[in-house]
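Worksheet: the structure to be examined is printed underneath.
Within every chain, numbering begins at 1; the chains are lettered A, B, ... in the order of the sequence lines, protein sequences first and strands thereafter.
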There are 2 protein chains.
Amino acid sequence: MATIHDVAAMAGVSVTTVSRVLNNRGYISEDTRRKVYSCMEALNYQPNEIARSLLRKQSNLIGLIVPDVAHPFFSELTSHIEYYAYELGSKVLLCNSQLDPVKERDYIDMMKRNRVDGIIMGSHTLEVDVYSNLKGIVTFDRQIDEHIPYVCSDNYEGGRLATRLLIDKGCRKIAHICGNLQLQLLANRRTDAFRHEVHKHGIEHVIIETDMNVFDQNQYEAYVNRLFADHADVDGVFATSDIIAAFVVKVCRKLGRRIPEDVRVVGYDDVNNASWFTPALTTVRQPLKEMARLAVESIRKQAEEEAVEPARMLPVELIERETT
Amino acid sequence: MATIHDVAAMAGVSVTTVSRVLNNRGYISEDTRRKVYSCMEALNYQPNEIARSLLRKQSNLIGLIVPDVAHPFFSELTSHIEYYAYELGSKVLLCNSQLDPVKERDYIDMMKRNRVDGIIMGSHTLEVDVYSNLKGIVTFDRQIDEHIPYVCSDNYEGGRLATRLLIDKGCRKIAHICGNLQLQLLANRRTDAFRHEVHKHGIEHVIIETDMNVFDQNQYEAYVNRLFADHADVDGVFATSDIIAAFVVKVCRKLGRRIPEDVRVVGYDDVNNASWFTPALTTVRQPLKEMARLAVESIRKQAEEEAVEPARMLPVELIERETT
DNA sequence: TTTGACATGTCAATCGTTTGACATATGTTT
DNA sequence: AAACATATGTCAAACGATTGACATGTCAAA
């Protein structure tokens, strides 16, 4: 690969001059500017960003850690983050933690070694101290401690809306399938809201806590099968993700229960999938794109040492489709 | 951030010594080794990979360009690529081209500037010369020219299997929905196979060419609606992706056609989605994970200047589920 | 004639790390 | 005593680019 020296040599000028045209500083005549540009073209010169990063102490790299990009929720999130990073002239370094603490820690260290401008955590299994000593960080729907900014949506309201919809539609016994409540996720607020609503209205209910293992989808089916085996009279299900909801629909169909006549189902997230499904899924929409925007913005601000809001919570929206 | 000098100063040794323990070269006593490690720990030292990359002329970065990670096919591909990159100690730089030639070109230049070890192209809209002058490159299901290695699956066989299944099940009029045939995609072999089979058996058929615009999913629905409006007697559909197939199912349901009794549907790819759908989709499975492995391996080989196979084609498999 | 804008050059330091060449010890074997 | 392995140090160059300081021009305006 050609270096700035090669360009200078070919154009018959000094490297300082080339650098000057490259960075638009000092005086440069139109003549040399053109000459330099044409030499860069001829040599297929691309300034070495690695050298620049070293000098500037800025990599323009944003690290993104998610449990698995193959999961629709995270793939859509990733897509939006990439979009806003590109707008900023930054690049996205992608990592799947598989919720494996070893891999996650490894990735965080790797990112520190690569001097990323910041990390967006869509996953976390580790203790707080690992996250400190990072230029920038923001978590996604996860509150780790007061010093780490996060963006999330109004999980409590989402849980309330979903539960209320099922109650209003006349459900008598409602199941709620959620993730592992031991993990300190903000998503657990949905379960809080579910509990509150269901008690307020005196509705019979059951809560199923899954391992939230994103990767072994067969497990979901087993959970749902068990649910209907143990509680044949369930006529409403509020699942904490659209994928789980899809499995509920699948199992119901196998069991011969009609949706929404016999069982009503509400998902969560409103991933693209939700609208492709037949029947189309009723769900609670998170403003994913806007959340991604705020996350990237937070990293940018931290990199530029501007002040950042420690927490951003965005509104959710109930999307009624065919499963209720 | 602490540098190797800080570590050396704290440990009371020279930077050369620290570098020696870091890279395991030369003689080092157990004593100093321990001392150096504990100082690194205390200072939270992480060797600056940027400086290393500059010296080694190797970034350990693999660039991945896809149309959009939000698309299930590409998100699964990305996930597998990330997996194998991690195994190699490489990192994945993710780019969505949105099939926008400007953005794609911009990204390729960016990757050259960042001296990636290679690019995996899951998308391509550009002329060949842009791809040359790259350390490593491999395309995914796309044959650009003889000098650019690619990995793909047996598209012709996939098309044949899907078409034959519909014929064998007794379909009289089969529709095939494919992408833009102007783009030089290997996926077009599926259409070739469809044409061949359908002629061989004298089956009535119709081919719908879409813009393959991954992002505007409403378009798919419109295409499918038009299909059934124009050809009410279609009783078999072979769609070139599972997502399109999902829309076929959706529209059929709206139109009151039963699946598989009235219309049989075969998708393509076997993305995770396909098995979540109700009814579960019959589809042609591409060995995505293995394809990802080969792509990453090809980049690694190119970076290490080993010889690479110019083309790798993997077998596909017909997965019969509930839509046929 | 002096001043100042314009144009380019030379030189050296800096970013953080690696590496080879070479020096200088202290031990341990022959 | 010579030879050698072990352990560490000093020094400098290299990777590719940026930048500030300063020099040296030319040319036009005051």
Worksheet, complete the sentence: Taken to the nearest 0.5 Å, the spacing of A:I148 CD1 from A:R142 CZ works out to 13.0 Å
Worksheet, complete the sentence: To the nearest angstrom, the NZ-P distance between B:K112 and D:dG16 comes to 17 Å
Worksheet item: For residues A:N60 and A:K91, is any side-chain donor paired with an opposing acceptor at under 3.5 Å?
Response: no
Practice prompt. Classify the nucleic acid contact of A:T3 as base, sugar-phosphate or nothing, counting any heavy atom under 4.0 Å across all strands shown.
Written response: sugar-phosphate
Discussion item. For a quick check, tell me whether the side chain of A:R20 and the base of C:dG9 share a donor-acceptor pair closer than 3.5 Å.
Written reply: yes
Worksheet item: Between B:N23 and C:dT18, is there a side-chain N or O to OP1/OP2 distance below 4.0 Å?
Response: yes
Discussion item. Whole angstroms only, please: what is the OH-C1' distance between B:Y27 and D:dA7?
Written reply: 9 Å
Discussion item. Rounding to an integer number of Å, can you tell me how far A:K57 NZ sits from C:dT17 C1'?
Written reply: 13 Å
Worksheet item: To the nearest angstrom, how far is A:R56 atom CZ from D:dT19 atom P?
Response: 6 Å
Worksheet item: Contact class for A:S53 (heavy atom, under 4.0 Å): base, sugar-phosphate, or nothing?
Response: nothing
Worksheet item: With a non-hydrogen cut-off below 4.0 angstrom, is A:L55 in contact with a base, only sugar-phosphate, or nothing?
Response: base
Item to complete: Tell which nucleotide pairs with D:dA30, taking only Watson-Crick or G-U wobble pairs whose two distances are both under 3.5 angstrom.
Response: C:dT1
Worksheet item: Distance from B:F73 atom CZ to B:Q286 atom CD, nearest 0.5 Å?
Response: 4.5 Å
Practice prompt. Taking only the side-chain nitrogens and oxygens of B:T17, find out if one of them lies under 4.0 Å from OP1 or OP2 of D:dA7.
Written response: no
Worksheet item: Which nucleotide in the list C:dG16, D:dT10, D:dT18 gets nearest to the side chain of A:I4?
Response: D:dT18
Worksheet item: Using a cut-off of less than 4.0 Å, is there contact between a side-chain N or O of A:R25 and OP1 or OP2 of D:dT19?
Response: yes
Fill in: Interatomic distance where CZ belongs to B:R52 and C1' belongs to D:dG16 [whole Å]
19 Å
Worksheet item: So what does A:T16 touch, heavy atoms closer than 4.0 Å: a base, only the sugar-phosphate, or nothing?
Response: base
Worksheet entry | Within 45° cone of A:Y83 ring axis and under 6.0 Å: A:K289 NZ or CZ | yes
Item to complete: Can you tell me the distance, in whole Å, between the CD atom of B:E30 and the P atom of D:dT8?
Response: 10 Å
Worksheet item: If you pin A:V18 and B:G26 to their nearest nucleotides in DNA chain D, which one's is more 5'?
Response: B:G26
Worksheet item: Do we see a donor-acceptor contact under 3.5 Å between the side chains of B:R33 and B:N24?
Response: yes
Worksheet item: Is B:V13 touching bases, backbone alone, or none of the nucleic acid, heavy atoms closer than 4.0 Å?
Response: sugar-phosphate
Item to complete: Nearest whole angstrom, please: distance from the C1' of D:dG16 to the CG of B:N114.
Response: 13 Å
Discussion item. For B:E82, is there an ion pair with A:K103 - N to carboxylate O distance below 4.0 angstrom?
Written reply: yes
Discussion item. Counting the atoms with a prime plus P, OP1 and OP2 as sugar-phosphate, which does B:S19 contact under 4.0 Å by heavy atoms, base, sugar-phosphate, or nothing?
Written reply: base
Practice prompt. Take atom CD1 of B:I28 and atom C1' of D:dG9, then tell me their distance rounded to the nearest Å.
Written response: 11 Å
